[in-house]
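Ligands are counted one by one from 1 in listed order, and the atoms in each one are counted from 1 as well.
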Amino acid sequence: MSRVVVCGSLNMDVVVQSACRPAPGETILGAEVSFLPGGKGLNQAIASARLGMPTAMVGAVGNDAFANSLRGFLADNDVDSTGVTEIDGPATGVALIQVAEGDNSITVASGANMHFDASMLPDEPRRDEVWVAQFETPLVATQEILARAHAAGARTVLNLAPFIEHPPEMLQAVDVAVLNEIELSQATGSRLDASSSTDEVAAACNVLRERGARAVIATLGARGAIVVTATGVESIPAFQTQVVDTTGAGDCFVGALASQLAAGRTPAEAARFASAAASCSVERLGAAPAMPTGEEVAARLAKA
Ligand code: ATP
Ligand code: RIB
């Protein structure tokens with residue numbers, strides 16, 4: 001049976017909702033706070049598992065109460081957390097997320113996530129698995145894990161988020177690269193924004209394909225996504241939704257995509273499913289707790 005293995009960050013998200021943002025030096029009252037599981041890696045693992053795909057999480061946490069809470073959340077969602085290593089010293093990652101005026105601002109204190117290394121993998125990659133990584137854990141570990149997964153014949157998904165400088169040749173170990181248009185601009189030096197045409201976005205995706213990624217998917221928020229492979233360019237629509245909080249929409253897309261690749265779908269088929277899943281995730285507050293079930297996604301696809 002195929003499975004998804006997500007290597008990456010685990011954070012406790014401290015989500016503060018307020019009517020407006022304080023200006024520098026200003027104090028505002030009347031906000032609400034929620035402590036919610038998050039981190040790009042954990043979010044992607046939860047998205048995959050809630051869609052029914054056997055999923056494992058590999059990463060690092062501190063020796064504290066947030067770590068216990070994140071482990072409990074993974075277990076409740078049937079994610080195998082044998083590969084989550086507890087480290088003495090640094091705290092479990094924390095993200096401060098301010099949700100105000102229909103948008104979010106995020107500050108991450110990475111803590112234990114930055115102490116993750118490739119020696120912490122509990123098992124070697126297998127060819128029937130899909131391995132997923134992002135850029136919230138050390139680059140050298142990500143590079144080594146992708147190379148090992150690729151060499152073993154597993155399929156690999158790299159979410160280039162948040163963008164950091166990286167050796168271009170690491171994309172040779174990547175089957176599907178996923179990134180939003182800001183990250184795509186940063187990765188390629190292209191000037192992309194909400195008014196960029198499909199051809200302009202596809203041209204930037206092709207720069208990453210020339211570096212070695214077999215498929216590149218640009219996510220475009222409410223405009224959907226663009227999938228570029230050797231066979232051409234496909235636009236994937238966004239699905240109609242009522243936005244409450246977009247935090248983790250990109251993570252939902254990546255986790256759902258990985259689950260569908262593991263189920264044998266093509267990148268374009270998997271991206272359409274992922275777009276439907278991500279449109280469900282924005283209807284609830286938070287990142288990991290907002291990930292939809294397979295039934296919710298099926299209903300969204302049936303309505304389209
Ligand atoms: P985040 O950083 O908030 O997790 P992101 O910038 O990585 O997100 P986006 O491109 O904003 O990723 O969103 C990912 C996917 O989620 C989109 O490709 C789309 O399928 C879906 N999505 C996001 N926002 C909306 C929306 N308002 N309506 C419908 N679908 C949406
Ligand atoms: O992509 C959303 C995630 O980014 C949040 O859950 C937060 O933890 C940050 O890592």
Which ligand 1 atoms are under 4.0 Å away from a heavy-atom of S275? 20 (O)
Polar proximity ligand 2 side, S9 side, N/O cut 3.5 Å exclusive: no
Taking only non-hydrogen atoms of T241 and a 4.0 Å limit, the atoms of ligand 1 in range are 26 (C), 28 (N), 29 (C)
Any heavy atom of G224 sitting closer than 4.0 Å to ligand 1? yes
Report yes or no: does D128 contribute a side-chain atom to a donor-acceptor pair with the main-chain N or O of R3 at less than 3.5 Å? no
Evaluate A238 for polar contact with ligand 1, using N/O atom pairs at a separation under 3.5 Å. no
Residues R71 and N68: side-chain donor-acceptor under 3.5 angstrom: no
Any nitrogen or oxygen of G39, main chain or side chain, under 3.5 Å from a nitrogen or oxygen of ligand 2? yes
List every atom of ligand 1 that sits less than 4.0 Å from any heavy atom of V243, numbering the atoms from 1 in the order shown and giving each element. 27 (N)
If we number the atoms of ligand 1 from 1 as shown, the ones under 4.0 Å from a heavy atom of N180 are 5 (P), 6 (O), 7 (O)
List ligand 2 atoms under 4.0 Å from A287, heavy atoms only on the residue side. 6 (O)
May I have the step-by-step check of side chain to side chain donor-acceptor pair (under 3.5 Å) for T82 and D80, ending in yes or no? CA-CA 6 Å; T82 328; D80 175 354; 2.2 Å; yes
Under 4.0 Å from a heavy atom of A278: give me the atoms of ligand 1 that qualify, with their elements. 15 (C), 16 (O), 21 (C)
Atoms of ligand 1 less than 4.0 Å from T219 heavy atoms? 9 (P), 10 (O), 12 (O), 14 (C), 18 (O)
Using a strict cut-off of less than 4.0 Å between a Lys/Arg side-chain nitrogen and an Asp/Glu carboxylate oxygen, indicate whether E181 and R223 qualify as a salt bridge. yes
With heavy atoms only and a cut-off of under 4.0 Å, state how L42 meets ligand 2: side chain, backbone, both or neither. neither
Run through R284, K303, R50 and flag the one making a salt bridge (Lys or Arg N to Asp or Glu O under 4.0 Å) with E296. R284
Heteroatom distance test (D251, ligand 2): nitrogen or oxygen, under 3.5 angstrom: yes
For the residue pair I87 and A60, what are the closest heavy atoms and their distance? CD1-CB, 3.5 Å
Plane angle bin for F135 and F163 - parallel if under 30°, tilted between 30 and 60°, otherwise perpendicular: perpendicular
Rounded to the nearest 0.5 angstrom, the OG1-CD distance for T156 and E129 is 12.5 Å
Heavy-atom distances under 4.0 Å decide this one: backbone, side chain, both or neither, for L220 against ligand 1? backbone
Kindly confirm or rule out an N or O of F253 lying under 3.5 angstrom from an N or O of ligand 1. no
Under a 3.5 Å threshold, yes or no: a donor from one side chain and an acceptor from the other, between D245 and T247? yes
Does G221 reach ligand 1 with a nitrogen or oxygen that is under 3.5 Å from one of the ligand's nitrogen or oxygen atoms? yes
Where ligand 2 meets G38 - atom numbers and elements under 4.0 angstrom, heavy-atom basis: 6 (O), 8 (O)
Which atoms of ligand 2 are found less than 4.0 Å from any heavy atom of E136? 4 (O), 9 (C), 10 (O)
Can you confirm whether T142 sits close enough to C7 that some side-chain heavy atom of one is under 4.5 Å from a side-chain heavy atom of the other? no
Option passing side chain to side chain contact (heavy atoms under 4.5 Å, CB included) with L36 (candidates N11, V15, I97, V14): V15
Per-atom filter on ligand 1: closer than 4.0 angstrom to a heavy atom of F239 are 28 (N), 29 (C)
Walk me through whether Q98 and S105 qualify under side chain to side chain donor-acceptor pair (under 3.5 Å). CA-CA 5 Å; Q98 178 159 40; S105 323; 4.9 Å; no
Please check if the side chain of R211 supplies one atom and the backbone of E169 the other of a donor-acceptor pair under 3.5 Å. no
At what distance is the nearest protein heavy atom to atom 2 (O) of ligand 1, and which residue and atom is it? K40 NZ, 4.7 Å
Kindly confirm or rule out an N or O of T246 lying under 3.5 angstrom from an N or O of ligand 1. yes
Considering the heavy atoms of A95, write down every atom of ligand 2 situated less than 4.0 Å from one of them. 7 (C), 8 (O)
Taking the side chain as every heavy atom from C-beta outward, state whether V132 and N159 have any atom pair closer than 4.5 Å. no
Could you tell me whether G250 and ligand 1 have an N or O pair separated by under 3.5 Å? yes
Are any of the protein's heavy atoms under 4.0 angstrom from atom 6 (O) of ligand 1, yes or no? yes
